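One structure below.
Since we're looking at a predicted model, the values are computed, not measured. By convention here, the first residue in the shown sequence is residue 1.
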Amino acid sequence: MEYRERYLSWLNSPFADEQTRAELAAIGQDEKEIADRFWRDLEFGTGGMRGLIGAGTNRLNRYTVRRATLGYARYLKKTGDAARGVVIAHDNRRMSRAFCMETAGVLAAEGIPAYIFD
């Protein structure tokens, strides 16, 4: 799927929240910005997921966090480690607590205990 198709898919998704759709609508005429946000999926590297916060597949947001967490949950189930649960911490960076809660929600939906540090 080309970046423009990905953009339109997100923009028109009934699952996208209003804030995300508004952010995407605001960049609708900026082809360079659309391309930067949607030309690839944000990668999970040795330092975790790092990137700009914003709407798009190449940005850190609730949807990319959920996607990565679902992949991790499936891995834990496959290896038999799901019952042990996952400890999740966060810090004072922007969206850290929200991303922590998104992660915990996905794990819980997958039946994996999530332990959150204050």
Side-chain angles (χ1 to χ4, degrees):
M1 183 182 304
E2 296 294 323
Y3 73 86
R4 187 61 135 132
E5 292 174 69
R6 286 176 153 198
Y7 165 75
L8 292 173
S9 176
W10 274 52
L11 179 64
N12 298 314
S13 173
F15 302 108
D17 63 89
E18 191 174 312
Q19 182 180 348
T20 297
R21 283 196 301 272
E23 182 179 337
L24 293 174
I27 65 164
Q29 300 304 313
D30 188 342
E31 202 65 28
K32 184 176 177 183
E33 184 66 17
I34 293 169
D36 187 53
R37 289 174 183 241
F38 288 96
W39 73 279
R40 69 178 185 145
D41 290 332
L42 188 62
E43 294 181 359
F44 194 98
T46 56
M49 287 178 69
R50 300 281 189 258
L52 298 173
I53 293 176
T57 58
N58 190 33
R59 295 290 188 269
L60 194 56
N61 55 63
R62 68 183 345 160
Y63 306 106
T64 55
V65 168
R66 288 176 185 169
R67 183 174 188 247
T69 304
L70 182 58
Y72 184 53
R74 289 175 178 165
Y75 170 79
L76 290 174
K77 288 178 170 183
K78 184 178 179 180
T79 61
D81 291 325
R84 294 175 50 188
V86 175
V87 176
I88 308 168
H90 58 88
D91 56 26
N92 63 349
R93 287 178 281 189
R94 183 174 162 230
M95 300 293 297
S96 185
R97 175 74 180 180
F99 292 154
C100 170
M101 299 307 291
E102 292 288 350
T103 300
V106 171
L107 292 171
E110 291 295 311
I112 301 172
Y115 305 97
I116 300 172
F117 274 101
D118 288 332

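- Between Y7 and G28, the shortest heavy-atom contact is OH-CA, 3.2 Å.
- For T64 (side chain) and T57 (main-chain N/O), no donor-acceptor pair under 3.5 Å exists by modelled atom type.
- Ion pair R59/E23 not flagged as a salt bridge, since none of the NZ, NE, NH1 or NH2 atoms sits closer than 4.0 Å to an Asp/Glu carboxylate oxygen.
- Considering CG of L8 and CD1 of I34, their distance stands at 7.5 Å, rounded to 0.5 Å.
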**Request:** For D41 and R67, run side chain to side chain contact (heavy atoms under 4.5 Å, CB included): C-alpha distance rounded to whole Å, both residues' side-chain angles, the deciding distance at 0.1 Å, then the answer.
**Result:** CA-CA 10 Å; D41 290 332; R67 183 174 188 247; 3.1 Å; yes
**Request:** Apply side-chain hydrogen bond (donor to acceptor under 3.5 Å, both in side chains) to the pair Y3 and E31, showing each step before the final yes or no.
**Result:** CA-CA 10 Å; Y3 73 86; E31 202 65 28; 2.9 Å; yes
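- Between the NZ atom in K77 and the OH atom in Y72 there is a gap of 13.5 Å [rounded to 0.5 Å].
- By the rule that hydrophobic residues join a cluster once side-chain heavy atoms approach within less than 4.5 Å of another member, V106 and L76 end up as members of separate clusters.
- Rounding to the nearest 0.5 Å places CG of N58 at 8.5 Å from CD of E43.
- No side-chain donor-acceptor contact under 3.5 Å links Y63 to the backbone of A55.
- In this structure, I112 CD1 and R84 CZ are separated by 12.0 Å, a value rounded to the nearest 0.5 Å.
- Ion pairing between a basic and an acidic side chain is recognised when a charged N comes within 4.0 Å of a carboxylate O; R74 and E110 show no such pairing.
- Between H90 and C100, the shortest heavy-atom distance links the atoms CD2-SG, 3.7 Å.
- Under the 4.5 Å side-chain heavy-atom criterion for Ile, Leu, Val, Met, Phe, Trp and Tyr, Y115 and V86 are members of distinct hydrophobic clusters.
- Under the 4.5 Å side-chain contact rule for hydrophobic residues, W39 and L52 do not share a cluster.
- Between the side chain of S96 and the backbone N or O of D91 there is at least one donor-acceptor pair closer than 3.5 Å.
- Across every non-hydrogen atom of E102 and R66, the tightest pair is OE1-NE, 2.7 Å.
- Looking at R94 and I53, their side chains come closer than 4.5 Å, going by heavy atoms from C-beta outward.
- Residues A104 and I116 approach most closely at CB-CD1, 3.7 Å, considering heavy atoms.
- Residue L11 holds its CG atom at 8.5 Å from CZ of F38, rounded to the nearest 0.5 Å.
- Put simply, L70 and V65 are part of two different groups of oily side chains (I, L, V, M, F, W, Y) that touch within less than 4.5 Å, one to the next.
- Looking only at side-chain heavy atoms (C-beta outward), L107 and I88 come within less than 4.5 Å of each other.
- To the nearest 0.5 Å, the span separating CG on N61 from CE on M49 amounts to 7.5 Å.
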**Request:** Decide yes or no on side chain to side chain contact (heavy atoms under 4.5 Å, CB included) for I27 and R37, but give the supporting numbers first.
**Result:** CA-CA 10 Å; I27 65 164; R37 289 174 183 241; 3.5 Å; yes
